[in-house]
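Reading through the structure tokens given below for one structure.
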Amino acid sequence: MRVPIQSVTPDCGQAEIAGWVHEVRDLGGLAFMLIRDRTGIIQVTIPKKKVSEQVLAALKAVSRESVVRVSGPIKAMDKAPGGRELVPEKIEIISLAETPLPLDVSEKVQAELDTRLDARFLDVRRPRVAAVFEIRSAATFAIHQYFHDAGFTSITTPKIVAAATEGGTELFPIAYFDKEAFLNQSPQLYKQMMMAAGCEKVVEVGPIFRAEEHATTKHLNEATSIDIEVSFADHLEVMRILEDLIIKTYEYVDKTCSVQIANIGVEDFAVPKGPFPRLPYAEAIEIAAKKIEDPIKYGDDVSPAAERAIGAEMGGHYFIVDWPSEIRPYYAMQYENDPSICKAFDMMHPRMELSSGAQREHRYDILVNQIKKKGLNPESFEFYLKPFRYGMPPHAGWGLGADRLVMTMLGLGNVREAVLFPRDMHRLVP
RNA sequence: GCCCAGGUAGUGUAGUGGCCUAUCAUGAUUGCCUGUCACGCAAUCGACUCGGAUUCGAAUUCCGACCUGGGCGCCA
């Protein structure tokens, strides 16, 4: 009966373990094999004169990163890592690894990200890499739990859609029988339809696709988005939900993943403090204009340099609110007293944008008007507009980039490190 | 799409016209070694992205292609 390596102690007496051969050190009459599974590493000590022919043959035949099953007595040993070692009665080579390896799992020699992603299955064998995805899993769990507890309905919406519904970003066209179709850039329109469906609070965690030809450390062509929409809520209420979610997620990771955080080498892991400052767009532009060389003025989008300048000033998570209506999508609700700005917001980490959202325009006539003002044709939005004619409550929501959340939480240099099999302009395999 | 920097053994690197039969580390193969823990020692193996040009001579210079990294633009 195989046991996890972490649970092997001198009290076990006898144990059977299975895992990957991390390293072999042959000292002559004595050899050590380090065996690794996802829970830890144990030393298998082989005094050559005292073990069976079968064990000696396996020691000679085995290569690094092969999968083996080893059984034998456990002994307390101060000199061994973890204070215990296994003396094998039997070593079974389950799967022999080819040599040489495409990258060094034991990390004596670092590999470049591109090399690592080409052999991701080997890369993730490294505890510090596995830790990223264990933390991502914990964060995802905390997020689902948060919304479940708050009474949200978790939904899934189509990723194959008929039309470019929002304009702006490039879409991936796909062959859909004899029709033209696209991969969806956002669940935006569908989650709004669910407000008309009376669901009141919905959340979707799923993939979004963008065909933008950007090659940066924070963009992907397939990303994971955490999207919510809430009926009878305004933008202020969903901002409170967002900052609460971020804090609760950090708290959960802090509480349950200390081993992984240490593994990755994050020294300054800190749960962000709420409430996050609400910085009006106009003030954000002023800060940026003072600090960066490129001229930036009211009405411009916030450039990466401006993002960094404002982020340095703010020092932690913050919101940018009250955006000019002209640079936000048609579905953002404008202020009654000043239609030049709207109830839209971005939630920022000092390094980059994590989320954007808004109170949506739910009044049919105004919405149609705003679509027209953006130079779009309301007729091509019929499937989206129809629900607005049959009882649409006021609502607000946001989308949060899960990959960037993990990236900024762990201080990773490249968003690809937070994604198992990232998709970018150049990478479609594995 | 634009700008910049790159492409050398499986991996990570040194090498900017002849000293390159290409450096170092790690690795692989073989041998020695009974307490290693980045074990040690010895031997062996293994690479200049591709095509063209300049030159007596090119890993090194030039041109083109392909690929990679970083920045910008773009980014509901």
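Just so it is clear, the model here is predicted, and its values are computed rather than measured. Values below: every heavy atom of this structure, side chains too, minus hydrogens, waters and symmetry copies. Here is the naming used below: chain letters follow the sequence lines, and residue numbers restart at 1 for every chain.
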For Leu113(A), answer base if it contacts any base atom (sugar-phosphate contacts may also be present), sugar-phosphate if it contacts only those atoms, and nothing otherwise; contact means non-hydrogen atoms under 4.0 Å.
nothing

Roughly how many Å apart are A38(B) and A43(B), using the C1' atom of each and rounding to a whole number?
22 Å

It should be established whether Thr217(A) places a side-chain nitrogen or oxygen under 4.0 Å from OP1 or OP2 of nucleotide G69(B).
no

Determine the contact category for Lys218(A): base if any of its heavy atoms lies under 4.0 Å from a base atom, sugar-phosphate if only primed atoms, P, OP1 or OP2 are that close, otherwise nothing.
nothing

Distance check needed: G6(B) P versus Glu112(A) CD, whole Å only.
14 Å

Pairwise P distance, G7(B) and A14(B) [rounded to whole Å]
9 Å

Is Lys108(A) close enough to G27(B) that one of its side-chain N or O atoms is under 4.0 Å from OP1 or OP2 there?
yes

Can you tell me which residue among Glu229(A), Arg360(A), His395(A), His362(A) is in a side-chain hydrogen bond (donor to acceptor under 3.5 Å, both in side chains) with Gln192(A)?
His395(A)

Starting at the 5' end of RNA chain B, which residue's closest nucleotide do you reach first, Leu27(A) or Gly413(A)?
Leu27(A)

For Asn414(A), report the nucleic acid contact type (base, sugar-phosphate, nothing); a contact means any heavy atom under 4.0 Å.
sugar-phosphate

Regarding Asp301(A), tell me which of base, sugar-phosphate or nothing describes its non-hydrogen contacts under 4.0 Å with the strands shown.
nothing

Name the nucleic acid region contacted by Gln43(A), choosing base, sugar-phosphate or nothing; use a 4.0 angstrom heavy-atom cut-off, strictly under.
base

Side-chain atoms of Thr45(A) come closest, of G35(B), G27(B), U11(B), to G35(B)

Tell me whether the centres of the aromatic rings in Tyr331(A) and Tyr384(A) are closer together than 6.0 Å.
no

Flag for Thr217(A)-Arg351(A): side-chain donor and acceptor within less than 3.5 Å:
no

So, is Lys79(A) near the phosphate of U34(B), with a side-chain N or O under 4.0 Å from OP1 or OP2?
no

P atom, U29(B) versus G10(B): distance in rounded Å?
15 Å

When you measure from the side chain of His214(A), which nucleotide among G12(B), C74(B), G35(B) comes out closest?
C74(B)

Whether His426(A) contacts U68(B) is assessed here as follows: a side-chain N or O lying under 4.0 Å from the phosphate OP1 or OP2. Is that the case?
yes

Separation of C37(B) P from Ile42(A) CD1 (nearest whole Å):
19 Å

Separation of the P atoms in G64(B) and A28(B), to the nearest angstrom:
42 Å

Taking the six-membered ring for Trp and the single ring otherwise, decide whether the centroids of Phe152(A) and Tyr146(A) are under 6.0 Å apart.
no

What is the nucleic acid contact for Arg416(A), judged by heavy atoms within less than 4.0 Å: base, sugar-phosphate only, or nothing?
nothing

For Arg64(A) and Val24(A), indicate whether the former's side chain and the latter's backbone hold a donor-acceptor pair under 3.5 Å.
no

Any donor-acceptor pair, under 3.5 Å, between the side chain of Glu212(A) and the base of G1(B), if you only look at N and O atoms?
no

When pairs are called at under 3.5 Å and a stem needs at least three consecutive Watson-Crick or G-U pairs, the stems of RNA chain B are B:1-7 with B:66-72, B:10-12 with B:24-26, B:27-32 with B:40-45, B:49-53 with B:61-65

Using a heavy-atom cut-off of under 4.0 Å over every strand shown, decide if Ala31(A) touches base, sugar-phosphate, or nothing.
nothing

Heavy-atom nearest nucleotide on RNA chain B for Thr115(A) versus Asp104(A): which residue maps closer to 5'?
Thr115(A)

Minimum-distance nucleotide (side-chain atoms of Phe32(A) versus U36(B), G12(B), A28(B))
U36(B)

Taking the same atom, P, in C32(B) and in A22(B), what whole-Å distance lies between them?
30 Å

The nucleotide from U29(B), A25(B), G27(B) with an atom nearest the side chain of Arg64(A) is G27(B)

Would you mind reading off the distance between Ile292(A) atom CD1 and C72(B) atom P, rounded to a whole angstrom?
11 Å

Using atom C1' of each nucleotide, how far apart are U16(B) and U23(B) to the nearest Å?
15 Å

Mind checking if Pro47(A) touches a base, just sugar-phosphate, or nothing, with heavy atoms under 4.0 Å?
nothing

Got a salt bridge between Asp26(A) and Lys60(A), using NZ or NE/NH1/NH2 to carboxylate O under 4.0 Å?
no

Strictly below 4.0 Å, N to O, side chains only: are Asp322(A) and Arg278(A) in salt-bridge contact?
no

For atom CD of Glu98(A) and atom P of U29(B), their distance in whole Å:
12 Å

Which part of the nucleic acid, if any, lies within reach of Arg328(A) when heavy atoms closer than 4.0 Å are counted: base, sugar-phosphate only, or nothing?
nothing

Could you check whether Lys49(A) gets within reach of a base, just the sugar-phosphate, or nothing at all, counting any heavy atom under 4.0 Å?
base

When you compare C67(B) with C48(B), how far apart are their C1' atoms, in angstrom units rounded to a whole number?
16 Å

Rounded to the nearest Å, what distance is computed from the NE2 atom of residue His219(A) to the P atom of nucleotide G1(B)?
17 Å

Distance check: side-chain N/O of Arg116(A) vs OP1/OP2 of U11(B), anything under 4.0 Å?
no

Pair Glu307(A) + Lys218(A): basic N to acidic O under 4.0 Å:
yes

Should Arg416(A) and Asp424(A) count as an ion pair when the cut-off is N to O under 4.0 Å?
yes

The side chain of Pro304(A) is closest to which nucleotide in this list: U11(B), G27(B), G73(B)?
G73(B)

With sugar-phosphate meaning primed atoms plus P, OP1 and OP2, does Ser303(A) contact a base, only sugar-phosphate, or nothing at under 4.0 Å between heavy atoms?
sugar-phosphate

Taking donor-acceptor contacts at under 3.5 Å, does the side chain of Gln110(A) reach the base of U11(B)?
no

Would Glu23(A) and Ser106(A) count as having a side-chain donor-acceptor pair, cut-off 3.5 Å?
no

Applying a 4.0 Å non-hydrogen cut-off, can you work out what Glu85(A) is touching in the nucleic acid: base, sugar-phosphate, or nothing?
base

